[in-house]
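Remarks on the structure that follows.
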Protein chains: 2
Amino acid sequence: MNNLDLGALIKDHRKKAGLTQLELANLAGVGKTTVFDIEKNKETVRLNNLFAVLRVLNIKVEFKSPLTK
Amino acid sequence: MNNLDLGALIKDHRKKAGLTQLELANLAGVGKTTVFDIEKNKETVRLNNLFAVLRVLNIKVEFKSPLTK
DNA sequence: AATTAATTACTGCTAAAACGGTAAAACTTA
DNA sequence: TAAGTTTTACCGTTTTAGCAGTAATTAATT
């Protein structure tokens, strides 16, 4: 369940960090294609690759449920 | 960056829902191996499969950053 | 303790993610 | 408009996640 457009969120953060997709890909240690795919909300990407990108952009992930809280 | 043990979180929620790994896998439309892997924090799982499992267990995902607020 | 259920741990196979390379659009800036 | 940059798109190749099946541990029930 995705709150909002994750791809757009990442793109926005990347822009604000002054990075190109290729630079972000290199920093995250993934291929440029993966960054493209993530920004286009391709959900078949692997979790580790997404996490690597989020780490570079300083974006944290939280999981919440009626029980969790 | 993972707050805490996502695998444990999912396992806990599955238990509380009274589901076996196989049942959860079927409900989520993924193979049992995938559920095993997720609960063992194998980060190479695909995002769509993780989301499918989270959806069944009613766990939401949030992304936060200094910018996001 | 014995039986059942559930989880973990292999297996081989297949589909597809990830990758780099290239090329062509879409924006920028001079 | 032209040159440069960035993004998108496509294409082969390689790697591997996902899968069902099976078997072997582990946990729970009686």
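Within every chain, numbering begins at 1; the chains are lettered A, B, ... in the order of the sequence lines, protein sequences first and strands thereafter.
Across the protein-nucleic acid pair, A:Glu23 atom CD and D:dT6 atom P stand 7 Å apart, rounded to whole Å. The separation between B:Glu43 atom CD and D:dA17 atom P is 12 Å, rounded to whole Å. Residue B:Arg46 contributes atom CZ, which lies 10 Å from atom C1' of D:dC19 at whole-angstrom precision. Taking atom CG of B:Leu47 as the reference point, atom P of C:dA18 lies 10 Å away to the nearest angstrom. A straight line from CG of A:Leu22 to P of C:dA23 spans 17 Å, rounded to a whole angstrom. Separating the NZ atom of A:Lys42 from the C1' atom of C:dC19 is a distance of 12 Å, rounded to the nearest angstrom. If you measure from atom CD1 of A:Ile38 to atom C1' of D:dA9, you get 17 Å, rounded to the nearest angstrom. At whole-Å resolution of the value, CG in B:Asp37 and P in D:dA20 are 13 Å apart.
Counting only heavy atoms from C-beta outward, the side chains of B:Phe36 and B:Lys40 never approach each other to under 4.5 Å. A 4.5 Å side-chain heavy-atom check between B:Leu6 and B:Leu50 finds at least one atom pair inside the cut-off. Looking only at side-chain heavy atoms (C-beta outward), A:Ile10 and B:Phe63 stay at 4.5 Å or farther from each other. A:Leu24 is listed as a side-chain neighbour of A:Leu57, based on a closest heavy-atom distance under 4.5 Å. Between A:Asp5 and A:Leu9 there is no side-chain heavy-atom pair separated by less than 4.5 Å.
When all heavy atoms of A:Glu39 and A:Lys11 are compared, the pair lying nearest together is OE2-CA, 3.6 Å. Pairing each heavy atom of B:Leu19 with each of B:Arg14, the nearest pair is O-NH1, 2.9 Å. Nearest heavy atoms, B:His13 versus A:Ser65: NE2-OG, 2.6 Å. Contact record, A:Ala52 with A:Ala28: CB-O, 3.5 Å, taken as the closest heavy-atom pair.
A side-chain donor-acceptor contact under 3.5 Å links B:Asn41 to the backbone of B:Gly7.
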List every contact pair, protein side and nucleotides 27-30 of chain D side both N or O, where the distance is under 3.5 Å.
none

Please tabulate the protein-to-nucleotide N/O contacts below 3.5 Å involving nucleotides 8-10 of chain C, giving atom names and distances.
{"unit_1": "C:dT8", "atom_1": "OP1", "unit_2": "B:Lys11", "atom_2": "NZ", "d": "3.4"}
{"unit_1": "C:dT8", "atom_1": "OP2", "unit_2": "B:Gln21", "atom_2": "NE2", "d": "2.8"}
{"unit_1": "C:dA9", "atom_1": "OP2", "unit_2": "B:Lys40", "atom_2": "NZ", "d": "2.6"}

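The bend of the helix from C:dA1-D:dT30 to C:dA30-D:dT1, defined by the angle between the axes of its first five and last five pairs, stands at 60° to the nearest 10°.
Checked against A:Asp37 for a side-chain contact (heavy atoms from CB on, under 4.5 Å), the options A:Thr44, A:Val45, A:Asn49 give a single hit: A:Val45.
Along DNA chain C, the nucleotide nearest to A:Asn49 and the one nearest to B:Thr20 differ in position, and the one closer to the 5' end is contacted by B:Thr20.
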